[in-house]
**Student:** 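There's a structure below that I have some questions on.
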Amino acid sequence: MILTALWLLPAIGGFACLAGRGRASRWLALAFSVVVFGYSVWLAGPYETGQGPWGLSEAGSAWIFGISYNLALDGLALSLVWLTAFLTVVCVIASWRSEFSRGYWSSFLFLEAALMGVFLSRDLFVFYVFWEAVLIPMFFIIGIWGSDGRRHAAMKFFLFTFFGSLFLLVGLLALVSWNHATRGVWTWDMGALAAPGGLAGLLVFAGIFVGFGVKIPLFPLHTWLPDAHTEAPAAGSVMLAGVMLKMGVFGFVRVLLPMFPELTWKLLPWIAGLACVNIIYGSLCAMWQSDLKRLIAYSSVAHLGFCVLGIFSGTPAGVAGGCLQLLNHGLTTGALFMMVGFLYERSHRRGLADFGDLVGRAPWLTFFFGWAVMASVGLPGLNGFVGEFMSLAGMAEALPVMACIGAVGIVLSVAYSLPAYQAVFWAASAEGSASAKVSDLDLREKALLWVLCLAMLYIGLAPGALLGLLEPTVATLVPPGCMP
Amino acid sequence: MGLPLSAILLFAAPVAALLAAFFLVRPFKPGWTHWPILASCAVVTAASVDLAAKVYAGSVFDVPVCAWMAAGNWMVSFGVRLDGIGVAVLTMVCVVGSLIHVYAAGYMRSDPCFSRFFLSFHLFFLMMIGMLVSNNYVQFYLFWEGVGLSSYLLIGFWTHKPAARSAALQAFITNRVGDLGFLIAILMLLGFYGDTRFGLLFDAMGSQPAPLLPLIGLMLFVAAATKSAQFPLYFWLPDAMEGPTPVSALMHAATMVTAGIFLLARSWPLIAAVPQLPTLIAAVGGGTAIFAGLLACCQTDLKRILAYSTVSHLGLMALALGLGRVGVAVLHLLMHGFFKAVLFLCAGNIAHGIGKSTAHVAEVGGLRRSMPMTMACFVAAALSLAGIWPTAGFFSKDAVIEAGLEAGPVWAAMALTAAALGAFYIVRMLLLAFYGPGSGQKPGHAHEAPPQMGAPVLFLALGALSAGWLAPGIGRLLACGRMPSEEALALPHFSWTVFALGTAAAALGAVAAYVLTVGRPDFEWTWRREYPRAASLIETDLGWRKVVAAAAFVVRRLSDLVGDLLDHRCWDGLIESLPRATLPLGGAVSLTSGRLSDHLWWIVSGAALMLLAALI
Amino acid sequence: MIGPIPAAEFAVSFPAASLWPQLTLAAGLLACLAAGMARDISAAAVRVVGVCALIVAVWMLMFTASVPGAGGGPGLGPVRLDSLGRAWQVLFYVGALPLAAMLDEDDEVPMALVLGSCLGMGLLAAAGDLLMLFIGLECMSLPAYLLVARLRSQGAPPYEAAVKYFFAGAVASSLFLLGLAFHYAASGSFGFAAAPGPVGQAGLALMGAAALFKIAAVPFHWWLPDVYESSSPALAGFMSTSIKAAAVFFLMRLAAMAPDSGLSRCLPWAGAATALYGALLALRQQGLQRLLAYSSLSHAGILVVAVGAWAAQGCDGASAAPIFFYGLVYLFMSNGAFLFLEVSGAGKRPDLDGYAKLCPVPAALFAALLLSLAGIPPTGGFLAKLFVFWEAVKAGLFFPVAGAALAALLGLGYYLALIRNMYFDEPKWSKAEPHTGAAMVTLWACAVAAATLGVVPWLFSRFLERLLS
Amino acid sequence: MNATVLQVGVLLFTLGLGMVVLRGQLLAMLLGIELMVGAVNVILTYHANLFGDPKALAAVVLIICVAAAEAVLGLCLILKLHHGGIPAETESLAELRD
């Protein structure tokens with residue numbers, strides 16, 4: 001029951017917020033998110049004492065067609081649960097000032113409930129139900145509280161992601177029915193399913209790969225991301241970039257890699273190539289953008305390219321690096337989006353040309369934004385570097401050429417983020433610019449950003465704690481000496 | 001054996017100073033930010049001298065501190081390595097750095113963002129120290145990029161100046177290109193050997209060389225060439241002069257730019273193992289020396305002359321290193337640190353005197369009466385740069401020429417022409433600044449620099465003069481570390497032929513400069529109009545800046561092509577048009593026309609269809 | 001839930017024991033007409049009679065175990081009560097409840113017609129042979145034609161839809177009769193046994209055509225949009241749930257006669273075509289009732305695919321569960337959606353703009369229903385679609401499933417568009433009329449049932465097994 | 001012999017169907033429907049005698065009764081149209097469309 005509480009609590013909170021009035025539901029949301037965060041941190045205790053690959057597991061009741069409500073928690077899932085809970089608290093505090101209706105607060109709690117469900121589920125059917133359930137709250141968050149282009153962005157986001165998950169559903173159905181045909185037992189449990197070989201295996205792999213690829217987003221399936229990120233409210237973008245992009249990669253680690261070990265090894269050049277394209281394509285697109293949020297959205301495409309590069313490298317360093325980069329990207333891009341949200345909150349504009357010499361007006365904002373940009377560019381000593389370096393080191397052991405192409409990403413990332421940083425914060429403000437309206441951060445915002453920036457520095461210099469947590473996941477994926 | 005206390009202090013002091021300055025002093029008394037930082041400089045200098053003494057006494061330290069990244073059997077750790085080369089350069093950096101810190105306290109006093117400057121300045125100091133004492137490539141890379149970051153912050157310190165902003169951006173991106181090479185080298189090393197600690201790596205490489213060793217060596221050279229401004233990627237250094245003068249003096253003359261040479265010196269066993277690489281380094285070094293020397297002769301801005309001179313001297317160090325004489329290169333690195341810092345600080349005083357951040361040759365002239373002390377230091381440093389006998393520069397430059405002579409006539413010719421060009425542009429600068437009539441500017445206007453700025457310059461000038469006598473001691477210090485082999489670190493003995501050749505070259509340069517500035521005073525201002533093509537060629541660094549601008553344009557066009565055309569219009573447009581396409585499709589498919597009889601026809605056809613399906 | 005009352009103790013042992021639900025409905029009908037005799041009868045009284053009749057019928061169904069010898073036993077004549085019939089009867093009567101609860105006409109005729117139609121469906125379910133099937137079908141359809149004429153939505157042209165519906169229905173039933181005649185000519189009996197020879201096949205095909213007409217499969221679908229658009233939303237809800245479920249049951253009876261006949265082979269294709277056609281047309285509609293009409297067309301297509309898959313697997317009892325579950329979930333979804341139109345009084349899509357800001361609760365309920373109609377996972381709609389596709393994939397019907405899946409994706413286009421209008425736009429008008437108690441209660445019931453069927457299916461699985469056992 | 005009866009029945013049926021589909025007036029269409037039902041009754045009565053099975057005859061009576069109900073309902077609708085002033089033509093009933 002302790003794992004079910006992890007997603008049930010926010011769900012109850014969501015309904016509670018719906019009941020309260022505007023102001024009351026804001027306090028309810030804060031209370032629930034803090035309680036959930038506390039609970040997830042407390043979970044580390046029982047998690048340590050658990051044995052076997054799964055720190056904590058909870059077997060629920062079985063239902064028809066072999067579907068059974070099983071939940072489990074391993075290192076990667078626990079770290080992503082922490083990230084989700086932490087970012088939800090950050091989002092609630094960040095959007096504290098603006099007058100949002102109770103629906104806003106309940107949507108975030110429902111979103112958190114669905115995300116917890118995705119990270120916890122051991123059963124593919126339960127995983128798929130939570131996977132889709134994430135779309136609904138985010139659809140309303142983007143649609144109702146987004147900026148002017150929100151209607152189109154929300155529809156595009158929902159349709160595009162739903163289209164992707166249709167592929168995932170067909171893949172899962174085929175996988176389960178093939179397992180029934182060959183082994184005569186109905187089961188949807190991730191551990192118990194084996195992958196078909198030959199062409200059927202390839203088709204199932206492709207279906208599931210596309211389903212997860214849309215969420216990451218991998219290169220051809222990424223066009224929903226810039227619109228969704230640009231139009232979402234600040235806290236919405238933080239959750240979208242901070243956690244929802246991780247569901248795809250989490251799906252790879254939890255579903256694809258354990259079930260198709262030899263196929264992932266055979267397709268490694270193609271997938272690594274796709275990841276490198278993701279990095280370079282995302283960076284080039286980011287260079288062209290004139291809107292700050294779209295730029296950060298495309299930078300997420302590039303950063304997650306590193307995650308995929310790491311995870312598919314099949315070496316302990318690469319997989320650990322990829323998983324760690326998931327968390328790093330959550331913190332870094334979450335901070336960036338939050339600060340752009342603060343800018344938008346003050347001036348209702350987010351174009352690069354709309355601001356200028358904020359160094360004088362908002363020195364603290366400049367300091368924190370610079371810190372977050374340096375982390376996202378992968379400056380060693382901050383968290384971005386650790387994830388990218390380990391991913392590239394992992395891929396260097398598998399395919400050195402791909403590692404070199406991927407490494408070009410670090411130059412391109414500077415080429416698109418620093419000019420933008422300078423245009424907004426250092427350059428002289430044009431006459432029609434909104435920088436006059438930008439006031440410096442208040443205590444609440446500074447506290448939030450200090451927590452995030454110190455977390456970046458801590459992970460950058462001492463990632464040992466987190467890497468230790470990810471150790472069992474990496475060990476299951478890459479048993480020592482397994483890489484041929 | 002454990003880590004000596006002073007090694008711990010090397011890191012603890014600057015970090016403590018930075019935290020104290022940022023959290024305690026800056027909010028209450030921004031004006032006093034420099035006091036904790038100067039204290040930390042003193043502590044660090046004392047620690048470095050103490051470490052030098054320990055290493056000189058023969059104890060080399062290579063101590064792992066703690067694990068950084070670990071996954072499965074793969075691990076990267078933090079560690080400290082103190083050996084001959086490291087400590088020597090560390091001491092020079094600490095001494096020169098501390099003095100420049102004092103100078104900067106005076107120079108930047110009136111600047112509104114005084115505290116931000118000093119925090120970034122000391123951050124650089126911490127990063128430089130960290131790099132010099134790190135014991136594996138990944139940690140080296142961490143501080144290498146930290147130095148790049150602080151140079152970005154300091155070049156772009158005056159954010160209101162557009163030129164400073166673009167120079168900072170250009171510097172950071174170019175350095176990032178070099179870092180790409182460095183990262184690829186590290187990835188290959190890690191991929192093959194699994195560990196990048198210098199000690200273990202070079203022993204392991206001795207037994208079974210990695211297949212991609214030439215690539216690794218080349219990538220290391222690319223990294224060093226970018227950071228130490230060698231030919232292909234040097235253009236960021238002259239533009240970096242937009243930063244305040246203490247920044248130019250410390251980073252872009254004495255310490256930061258030498259990081260590349262230090263990297264090559266540190267990884268000499270790897271470089272030497274690659275067959276053609278040292279000769280390539282020597283060739284590029286020599287070429288850069290001559291190319292930059294030539295350009296320095298024609299510059300009109302005081303600091304840009306010194307910038308090109310730094311590029312030229314870095315070329316000399318690379319030449320010496322390429323010819324196998326690592327000791328000579330490091331010696332020249334140390335000496336160059338002193339006299340180049342003095343020259344920059346004097347240029348700073350001159351500019352400060354006439355109330356501008358940097359001085360154009362036309363604006364200065366005849367300052368010998370109004371700024372006697374600065375002139376004295378300038379003359380001392382100029383002699384040292386030209387390599388005249390008693391000065392420090394003489395010993396290291398002669399060593400380079402002697403290394404050139406040993407290697408072959410071509411290398412010797414390169415070294416000598418570089419020496420001559422060096423003498424030419426430094427004497428020209430001396431005459432124009434202190435003796436020339438100065439175009440229409442009253443000599444009495446410029447005033448001598450205040451004592452807080454004067455004193456450091458004086459000490460450095462003394463160092464530039466007397467450091468030469470320490471050469472034998474430095475030679476023994478360098479030999480203490482086990483890393484590069486003995487003969488690579490040996491310093492040449494004094495030989496009259498080299499003395500004669502060097503002094504002749506310097507004299508030739510000085511006379512030519514005298515003739516062109518004092519003999520024909522108007523030549524300076526007229527030759528550009530007489531030879532416009534040559535002038536424009538010089539302006540664009542013999543056309544190399546056009547090539548770089550073209551490359552930047554290509555990348556921007558590529559991002560436009562991919563970002564706008566490919567992604568936004570074609571791919572996104574296609575996906576957006578799909579849902580819109582389904583709307584008319586519905587209209588085409590609709591069967592209902594509204595009239596009852598048409599509908600009944602559908603029933604008949606449907607029934608007929610069913611019959612057909614049943615009967616066939 | 002209390003256990004079933006042992007049949008022996010409750011059901012009087014005369015053969016008609018199994019027809020109690022139908023008898024209750026007949027009694028309700030007569031009570032309604034009798035009440036009409038009295039001059040000043042209130043609409044509430046009529047409503048109470050109607051709702052009670054339906055509820056008692058459902059209660060009887062749930063708690064009288066299927067009488068032994070139900071398979072067309074001696075003396076029972078044309079009556080046959082198998083578990084399939086009893087299960088689907090629950091759907092018919094529960095589908096009629098919202099309409100019965102919402103009727104507030106001043107006279108008793110509409111309620112009598114509704115009960116008459118339900119009685120027809122009851123007979124259809126209990127039919128032992130084709131003749132009884134025909135009678136049930138007609139007894140269901142004739143009141144429906146009149147209801148369409150009587151309960152009209154505002155601004156609908158009078159009688160046009162009723163005339164169209166009548167003539168189409170009449171032609172279809174005459175087609176059925178011709179099929180019956182051929183069947184009799186070939187086999188000599190009206191039983192459900194398949195008739196040999198081409199004449200028998202032709203007979204079955206014609207009867208199948210009549211069934212497909214009643215479900216509104218593609219070639220025979222044209223009447224549905226006009227009828228649903230011009231009838232009142234509650235009536236449209238009744239027709240889209242109960243009458244469609246009866247038609248599906250009718251088709252299942254026919255398909256069970258000859259599982260591998262031409263009819264069953266073309267069912268999946270007709271179903272997929274209907275689903276796609278309904279989805280494509282619904283994208284273009286501006287009128288909300290016409291949009292929901294085409295969306296019910298799309299769902300009917302999926303039901304036909306389900307029946308096709310059931311027939312392809314030899315019509316065994318177990319694999320009938322997905323069809324029933326889909327019917328059950330669709331019942332709540334469709335009734336709820338039409339009820340919302342009744343409650344909100346919205347006609348065109350722009351009327352929904354910013355509705356969430358005016359009346360958040362109905363808007364939220366409608367949004368939940370729309371998500372369930374679209375088949376988004378946490379709701380029941382997804383589970384229903386998943387089981388149907390599952391059966392079809394097992395039966396090897398890959399292309400029809402692909403067509404139906406594409407229709408589901410297109411469905412998102414218009415379902416989400418409605419949610420978008422409600423939530424993301426600014427309200428154009430400020431009036432928000434009060435909501436009657438009965439309508440809101442039923443709307444709540446439908447929305448909660450549709451949403452939770454997906455999340456707590458095991459709660460219902462016991463109910464399903466008991467019914468289908 | 002029963003083939004010819006089937007053919008006659010089908011002929012009559014198609015005649016009725018033609019009347020319903022081709023004619024514009026609703027009354028004529030109503031007659032068409034009655035004709036179609038009549039054709040079915042012909043076939044059924046013949047085969048009832050052929051198999052000597054009285055149930056079919058009972059079915060015929062039932063079918064006639066149902067057809068009568070349909071006719072009543074159709075006439076009622078047509079009368080309502082007439083009272084409403086709408087001509088009982090299929091052309092006039094064409095307002096509802098996509």
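The model shown is predicted, which means the values in this text are computed figures rather than measured ones. Every chain is numbered from 1 and lettered A, B, ... according to where its sequence line falls, protein lines coming before strand lines. Heavy atoms only: backbone and side chains are in, while hydrogens, waters and symmetry mates are out.
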**Student:** Below 4.5 Å from any heavy atom of chain D, which atoms of Ile135(C) appear? Answer side chain, backbone, both or neither.
**Tutor:** side chain
**Student:** I'd like to know whether CD of Gln286(C) has more than 12 heavy-atom contacts from other residues, nucleotides or ligands below 6.0 angstrom.
**Tutor:** yes
**Student:** Answer yes or no: is there a side-chain heavy-atom contact under 4.5 Å between Leu178(C) and Ile43(D)?
**Tutor:** yes
**Student:** Taking atom CZ of Phe166(C) and atom CG of Leu73(D), what is their separation to the nearest 0.5 Å?
**Tutor:** 5.5 Å
**Student:** With only heavy atoms counted, which part of Val10(D) is less than 4.5 Å from chain C, the side chain, the backbone, both or neither?
**Tutor:** side chain
**Student:** First locate atom CG of Leu50(D), then atom OH of Tyr184(C), and finally report the distance between them rounded to the nearest 0.5 Å.
**Tutor:** 8.5 Å
**Student:** Enumerate by number any residue of residues 55-65 of chain D whose heavy atoms lie under 4.5 Å from heavy atoms of chain C; in the absence of such residues, state 'none'.
**Tutor:**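 Hits under 4.5 Å: Lys55(D), Ala56(D), Ala59(D), Leu62(D), Ile63(D).
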**Student:** For a quick check under 3.5 Å, do Glu70(D) and Ser174(C) share a side-chain donor-acceptor pair by atom type?
**Tutor:** no
**Student:** May I have all residue pairs that pass salt bridge (charged side-chain N to carboxylate O under 4.0 Å, His left out) and include part of residues 191-209 of chain C, sequence neighbours excluded?
**Tutor:** none
**Student:** Give me the contact list for residues 22-30 of chain D versus chain C, heavy atoms only, anything under 4.5 Å, ordered by residue number.
**Tutor:**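 At a heavy-atom separation under 4.5 Å, chain C is reached by Leu26(D), Met29(D), Leu30(D).
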**Student:** Taking atom NE2 of His47(D) and atom CZ of Phe182(C), what is their separation to the nearest 0.5 Å?
**Tutor:**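 Atom-to-atom, His47(D):NE2 and Phe182(C):CZ are 9.5 Å apart.
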**Student:** According to salt bridge (charged side-chain N to carboxylate O under 4.0 Å, His left out), does anything in residues 142-158 of chain C pair up with another residue at least two apart or in another chain? List the pairs.
**Tutor:**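 Qualifying pairs, neighbours excluded: Glu105(C)-Arg150(C), Asp106(C)-Arg150(C), Asp107(C)-Arg150(C).
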